Structure formats: C-alpha cells, structure tokens
**Q** 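Have a look at the structure that comes next, please.
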Amino acid sequence: MANTYHQMYVQTVFAVKYRDAVLEKKWRGTFFGVMGNLINEKGCKNIIVTGVEDHVHCFIGLKPTWAVSDLMKIVKAKSSKWLNETNYLVSVHKVPFTALRH
C-alpha cells in the first residue's frame, strides 16, 4: 500500500543469569555499544541501551518484520558470546543455582 508508515517502539528489560552483579562499570559502556550495534545490524533502530550491574534496558525502534522475542534472542546470544570471548567475566565467581536453594 502506498504511503504506509510505521513507528513502533519497544523497551525490553532482561536480567543477567542468576541476577548476579557481573556487568562492571569500567567495560559496561562498551558492552552496551556492542548490543546496540547488533540491534542496528538487524535493521531495527537502537535508541538507547543502558543498565546496571545486574540487568539491561534496550529501547528499540522495531522493524515490523521482527518479533521482539526473535530479535532479543539473537542480540542476547551474540552479545553473550562477545562477552565470553573478551574474557571480561574471568574474575566473576559463579555459584551454582542449586547452591542458592535451601
């Protein structure tokens, strides 16, 4: 249809595994930049990616051909892979989830 426009904005919030405070301030901005680039690579518009030690907020201009869940699955998987490859998390002590249950 001619002259059809769309404008969809979505905010996603997701926590780090086990809600551990692992996103250190000294490299968090770089990590958020990587996530923003991944969003842009998929044809969506990264408006802002921000967060704190244990969770991330993404505000996205969503392309109508993408489901939010599909986009975030790719962004989370690829950013997690990048984070593991850069060895930023080497010093983080990981406690098994079963150890936290009483």
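A quick note: this is a predicted structure, and the numbers were derived from the prediction, not measured.
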**Q** Is there a path of hydrophobic side-chain contacts, each under 4.5 Å between heavy atoms of I/L/V/M/F/W/Y residues, joining L38 to I48?
**A**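 Hydrophobic grouping puts I48 apart from L38.
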**Q** Are the side chain of T86 and the backbone of L83 linked by a donor-acceptor contact shorter than 3.5 Å?
**A** yes
**Q** Not counting sequence neighbours, list each pair that qualifies as a side-chain hydrogen bond (donor to acceptor under 3.5 Å, both in side chains) and has a residue in residues 56-75.
**A** Q11-H57, H55-H57
**Q** Under 3.5 Å, is there a donor-acceptor pair between the side chain of N40 and the main chain of N46?
**A** yes
**Q** Check salt bridge (charged side-chain N to carboxylate O under 4.0 Å, His left out) between E53 and all other residues, then give those that pass, not counting sequence neighbours.
**A**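 With sequence neighbours excluded, E53 shows a salt bridge (charged side-chain N to carboxylate O under 4.0 Å, His left out) to R28, given in chain and number order.
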**Q** Which residues pass the side-chain hydrogen bond (donor to acceptor under 3.5 Å, both in side chains) test with E85, sequence neighbours left out?
**A**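 side-chain hydrogen bond (donor to acceptor under 3.5 Å, both in side chains) list for E85, sorted by chain: empty.
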**Q** Do you know which two heavy atoms are closest between L71 and C44, and how far apart they sit?
**A** CD2-SG, 3.9 Å
**Q** Applying side-chain hydrogen bond (donor to acceptor under 3.5 Å, both in side chains), can you list everything that pairs with N37, at least two apart in sequence or on another chain?
**A** none
**Q** From I60 CD1 over to K45 NZ, what is the distance, rounded to the nearest 0.5 angstrom?
**A** 12.5 Å
**Q** Give me the atom names and distance for the closest heavy-atom approach of C58 to M72.
**A**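 Scanning both residues completely, I find the closest heavy atoms to be SG-CE, 4.1 Å.
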**Q** Does the side-chain contact (heavy atoms from CB on, under 4.5 Å) test come out yes or no for L23 and V16, once each step is laid out?
**A** CA-CA 8 Å; L23 301 176; V16 178; 3.9 Å; yes
**Q** Quick one: do W82 and F14 end up in the same hydrophobic cluster if we chain Ile, Leu, Val, Met, Phe, Trp and Tyr together by side-chain heavy atoms under 4.5 Å apart?
**A**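 Per the 4.5 Å side-chain linkage, W82 and F14 are co-clustered.
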**Q** Only pairs at least two apart or in different chains count here, so list each ring-ring contact (aromatic ring centres under 6.0 Å, His included) that has a residue in residues 20-49.
**A**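 For residues 20-49, and leaving out neighbouring residues, the ring-ring contact (aromatic ring centres under 6.0 Å, His included) pairs sorted by first residue read W27-Y88.
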**Q** Can D54 and V22 be said to form a side-chain contact (heavy atoms from CB on, under 4.5 Å), step by step?
**A** CA-CA 6 Å; D54 64 350; V22 297; over 6 Å; no
**Q** Could you see if I39 belongs to whatever hydrophobic cluster contains F59? Use Ile, Leu, Val, Met, Phe, Trp, Tyr and a side-chain cutoff under 4.5 Å.
**A**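 No, it is not one cluster - the side chains of I39 and F59 are not joined through contacts under 4.5 Å.
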**Q** Excluding sequence neighbours, so at least two apart, what forms salt bridge (charged side-chain N to carboxylate O under 4.0 Å, His left out) with K17?
**A** none
**Q** Do I47 and V10 sit in one hydrophobic cluster, given that two such residues count as connected whenever their side-chain heavy atoms are within less than 4.5 Å of each other, even indirectly?
**A** no
**Q** Assess whether side-chain contact (heavy atoms from CB on, under 4.5 Å) is satisfied between L62 and V68, documenting all intermediate values.
**A** CA-CA 8 Å; L62 189 65; V68 177; 3.6 Å; yes
